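Inspection log for the structure reproduced underneath, given as structure tokens.
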Amino acid sequence: SITITQCEVGSHCNVLVEKCEPWSDDNSSCKELASVTTNTHCFVMAFYYDTTIESGDAAVAKYIDRQKSFDDYMTVQESGVKALSMNTPEGSKPYNFHYYDYSAKGSSNIKRGNAIGYIPLTSGHVEVRGICSESSQLDETLSVLSSVQLNYN
């Protein structure tokens, strides 16, 4: 997996990441890292899994249905979709990056902007996520995602 964050100037995020591993909510470096990365900025994540999927859009629908099952706690509303691609060892693979607006009942500090896409591969799949304070900020993640590629080592 890979996580890419936008950090506040002067926060020394790369040093904080090393000091924070493994993540612990009691670790002061982890608390400092969280405060300079996730409070006001977007971040993206990409995960490779060795299990295969039939369709990226079907995987997104299944994931969102699971999120909507927490209806007593959370509301999830689609707010757009972008057609993207990722370079992989199998060539450029197109996928749809689905934008959602999350709201949690009784909580004001949830990251409302969430986007997710799945890329089927012959021997696995890639899950791509974008998370921002608001769904209107999700376009800010697109330039980073266009630079992410999958290489097998």
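Just so it is clear, the structure is predicted and the values come from calculations on it, not from any experiment.
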What is the minimum heavy-atom distance between S79 and S135, and which atoms define it? OG-CB, 3.7 Å
Non-hydrogen atoms of V148 and M86 that approach each other most closely: O-CG, 3.7 Å
Run the numbers on L145 and L84 for side-chain contact (heavy atoms from CB on, under 4.5 Å), then give the verdict. CA-CA 9 Å; L145 289 174; L84 302 177; 4.2 Å; yes
Find the distance between OH (Y48) and NE2 (H125) and round it off to the nearest 0.5 Å. 9.5 Å
Might you point out which heavy atoms bring T141 and F97 nearest each other, and give the distance in Å? OG1-CE2, 3.9 Å
Heavy atoms of S146 and S143 approach each other most closely as OG-O, 2.8 Å
All heavy atoms of P89 vs all of L150, minimum pair found to be CD-O, 3.1 Å
Please tell me if the side chains of L121 and T88 come closer than 4.5 Å, counting only heavy atoms from C-beta onward. yes
Distance-only, no hydrogens or angles: does the H98 side chain make a donor-acceptor pair with backbone N or O of G117 under 3.5 Å? no
Any pair with a residue in residues 82-91 that passes salt bridge (Lys or Arg N to Asp or Glu O under 4.0 Å), sequence neighbours left out, goes on the list, sorted by first then second residue, please. K82-D139, E90-K93
Could you tell me which non-hydrogen atom of T122 sits nearest to which non-hydrogen atom of T52, and how far apart they are? O-CG2, 3.5 Å
How long is the straight-line distance from SG of C42 back to CD of E134, given to the nearest 0.5 Å? 10.0 Å
Test S136 against Y99 for side-chain contact (heavy atoms from CB on, under 4.5 Å), laying out the working first. CA-CA 9 Å; S136 62; Y99 288 16; over 6 Å; no
Hphob cluster co-occupancy, V81 + Y118, side-chain heavy atoms under 4.5 angstrom: no
Value for CD (Q137) from CZ (R112), rounded to nearest 0.5 Å, stands at 11.5 Å
To the nearest 0.5 Å, how far apart are CG in L138 and CG in N114? 7.0 Å
Less than 4.5 Å apart, any side-chain heavy atom of Y95 and any of V60? no
